[in-house]
Each structure stands twice: as C-alpha cells, then as structure tokens.
Amino acid sequence: MKKFLIILGIIVAVLAVGLPLFKKYTKSHSPVAVVAYEKDGASIKVTYCRPTAKGRLIFGEKSSGALQPFGQYWRVGANEATTFETKTNLVVNGKELKAGRYSLYAIPGASNWTIAFNSHWDRWGAMAPGAATDVLRVEVPANNAAPPKDVFEISFEGPDATGTTKMNLHWDKTAVAVPIQKK
C-alpha cells in the first residue's frame, strides 16, 4: 500500500508540474490572441490560439491529407477552446444568441461551414463538446479562394448600412464571414 501511495504521489507531482509546462509549450507554437468588437452598444470578445499552416493543406478532403478534413469538428483555433463572449443579445445569421460566454467551433465543408456556439466553454484540446450542448448552430458560405494566410486569424468588420457586422475566420486559402447583428 505504501509503495502504491508513493507511486501515486509521483504521478500527481509529475502532472502538476508537467501540464502547465505542456500548455506553455503548445502556446509558443500557437499563441493566444484576443479580438474585441465594441460598437453601437454591442460588446464581443473572442479569445483563441493562432495555429500556423506551415505549408500544409488545412481544409479539404481527408484523402488529400488535409489537417482539418471537411465534415469534422474543428475548435476554431488551437489548444483550449476558442471562447466567444457577448455582453448583449445578438442575432447570428438570423438566429438569436443570448448574452454569455460560449465555446466557438466549426464543422468546415467544401462550400458551407456550420458554426456552433456551445455552452461548454472551459475546455482544453480537440474534444468535440457535443451537439447536445450547442446553444446555436448556423450555416455560412465558405470562400475557398481567399488570399493565403499562413497564421489563422479572427477579425471583425463593420457594421455595414444594415447594422450587420461580420466575424471573419481566415486561414490558408479559406475565409468565412459570420453575420452578426445586435438584438
């Protein structure tokens, strides 16, 4: 029993020291970024990690060796879950999203992407949160002929004359614009 407790103590110590070092190491390759949008009473903050393409095919068919195959869950960044926080109720591509904090993920497709806002926002790694905890899902068109961007980027653009702001996701040759309006 004493031997078991010693081994267990060693394992706990290694994890306590190793996990923070591992997280720090992975973030050196995909650094954290925060993008904020505050206009006309809307307040949005997205926190994500920025992976680099490094000459790899990013989005595409699995048979082509794509890093992120079409039809499969993607956490919209690297490391821990990308978080989307809003202090105001929003309309995302015609559907209501209540104020709060969400994880943001996508299911990329050849011509359209599913963008999901999930109630489980405090996550590490590439584990899919599960559709049962999705608060909102919308489908948006994908532009697969965008100018190449080596480092993944999320940005905001707008609002336009209709009051629509676009949350842009751009990596490699793919860009997606998610329309957002203040409720």
Side-chain angles (χ1 to χ4, degrees), residues 30 33-37 42 44-86 90-98 100-121 123 125-160 162-183:
S30 299
V34 177
V35 61
Y37 175 86
I44 302 169
K45 181 172 95 171
V46 179
T47 305
Y48 67 109
C49 292
R50 300 184 68 198
T52 304
K54 300 178 188 169
R56 302 174 287 185
L57 172 64
I58 303 302
F59 303 106
E61 297 298 333
K62 188 174 187 172
S63 61
S64 299
L67 180 65
Q68 179 56 54
F70 292 144
Q72 292 186 14
Y73 158 84
W74 179 47
R75 64 187 148 186
V76 185
N79 302 326
E80 62 263 68
T82 292
T83 58
F84 181 99
E85 297 177 63
T86 176
L90 302 173
V91 176
V92 180
N93 203 25
K95 296 181 180 179
E96 186 175 351
L97 179 68
K98 301 259 186 226
R101 181 186 288 179
Y102 305 97
S103 64
L104 178 68
Y105 73 91
I107 301 170
S111 57
N112 292 305
W113 281 27
T114 299
I115 305 293
F117 298 82
N118 190 279
S119 60
H120 292 175
W121 57 268
R123 308 173 62 80
M127 297 178 348
T133 52
D134 284 350
V135 174
L136 176 68
R137 276 186 173 212
V138 296
E139 198 161 301
V140 295
N143 171 5
N144 294 308
K149 187 173 285 285
D150 192 52
V151 180
F152 174 60
E153 180 179 69
I154 298 175
S155 63
F156 288 97
E157 171 187 343
D160 64 15
T162 67
T164 301
T165 297
K166 293 178 183 171
M167 178 176 65
N168 299 306
L169 313 176
H170 189 170
W171 194 20
D172 195 29
K173 297 174 191 167
T174 302
V176 174
V178 181
I180 298 173
Q181 293 177 314
K182 183 181 168 204
K183 172 110 172 134

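What you are looking at is a predicted structure, and each value in this text was computed from that prediction instead of being measured. Each residue takes its place number in the sequence, starting with 1.
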Given Thr174 and Trp113, is the side-chain contact (heavy atoms from CB on, under 4.5 Å) satisfied, shown in steps? CA-CA 11 Å; Thr174 302; Trp113 281 27; 3.7 Å; yes

Under the side-chain hydrogen bond (donor to acceptor under 3.5 Å, both in side chains) rule, what do Thr162 and Asp160 come out as? Steps first, then yes or no, please. CA-CA 5 Å; Thr162 67; Asp160 64 15; 2.6 Å; yes

Would you check, one step at a time, whether the test side-chain contact (heavy atoms from CB on, under 4.5 Å) holds for Ile180 with Asn93? CA-CA 6 Å; Ile180 298 173; Asn93 203 25; over 6 Å; no

Any chance you could lay out the side-chain hydrogen bond (donor to acceptor under 3.5 Å, both in side chains) test for Thr133 and Asn118, step after step, and finish with the verdict? CA-CA 6 Å; Thr133 52; Asn118 190 279; 2.9 Å; yes

Tyr48 vs Phe152, ring pair (Phe, Tyr, Trp, His ring centres under 6.0 Å): CA-CA, chis, key distance, verdict: CA-CA 10 Å; Tyr48 67 109; Phe152 174 60; 5.6 Å; yes

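Nearest heavy-atom pair, Ala175 versus Ala146, reported as atom, atom and distance to 0.1 Å: CB-CB, 3.8 Å. Across every non-hydrogen atom of His170 and Pro147, the tightest pair is NE2-O, 2.8 Å. When all heavy atoms of Ala116 and Asp134 are compared, the closest pair comes out as CB-OD2, 3.9 Å. Scanning both residues, Ala81 and Ser103, for their nearest heavy atoms gives CB-CB, 4.0 Å. For the residue pair Asp172 and Arg56, the shortest heavy atom distance occurs at OD2-O, 4.3 Å. Taking each heavy atom of Arg137 and Lys95 in turn, the nearest pair found is O-NZ, 3.1 Å.
Of the N and O atoms on the side chains of Thr52 and Asp150, not one donor lies less than 3.5 Å from an acceptor on the other residue.
Note on ring orientation: taking the six-membered ring where Trp is involved, the planes of Tyr37 and Phe156 are tilted (angle from 30° to 60°).
Considering CD of Glu85 and CZ of Arg101, their distance stands at 4.0 Å, rounded to 0.5 Å. Note: Lys173 NZ to Lys149 NZ = 15.0 Å, rounded to the nearest 0.5 Å. Note: Lys45 NZ to Thr86 OG1 = 12.0 Å, rounded to the nearest 0.5 Å. Atom OG1 of Thr82 is separated from atom CZ of Arg50 by 11.5 Å, given to the nearest 0.5 angstrom. Note that the CG atom of Leu97 and the CD atom of Gln181 stand 13.0 Å from one another [nearest 0.5 Å]. The CE atom of Met167 sits 5.5 Å away from atom CZ of Phe84, with the distance rounded to the nearest 0.5 Å.
Within the 4.5 Å cutoff, no side-chain heavy atoms of Pro51 are placed close to those of Asn79. In this structure, the side chains of Val92 and Phe117 come closer than 4.5 Å at one or more pairs of heavy atoms. Taking 4.5 Å as the limit, every side-chain heavy atom of Pro159 sits out of range of all side-chain heavy atoms of Thr164. Put simply, the side chain of Val76 reaches to within 4.5 Å of the side chain of Leu169, judged on heavy atoms. Taking 4.5 Å as the limit, every side-chain heavy atom of Ile154 sits out of range of all side-chain heavy atoms of Asn168. Looking only at side-chain heavy atoms (C-beta outward), Glu61 and Pro69 stay at 4.5 Å or farther from each other.
Among the candidates Thr47, Val34, Leu104, the single residue satisfying the side chain to side chain contact (heavy atoms under 4.5 Å, CB included) test with Thr83 is Thr47. Remark: of the listed residues Thr114, Ile115, Ile107, Thr114 is the sole one forming a side chain to side chain contact (heavy atoms under 4.5 Å, CB included) with Glu139.
Between Phe59 and Phe70, the gap from one ring centroid to the other reaches at least 6.0 Å.
The main-chain N or O of Lys62 is never found under 3.5 Å from a side-chain atom of Gln72 such that the two would form a donor-acceptor pair.
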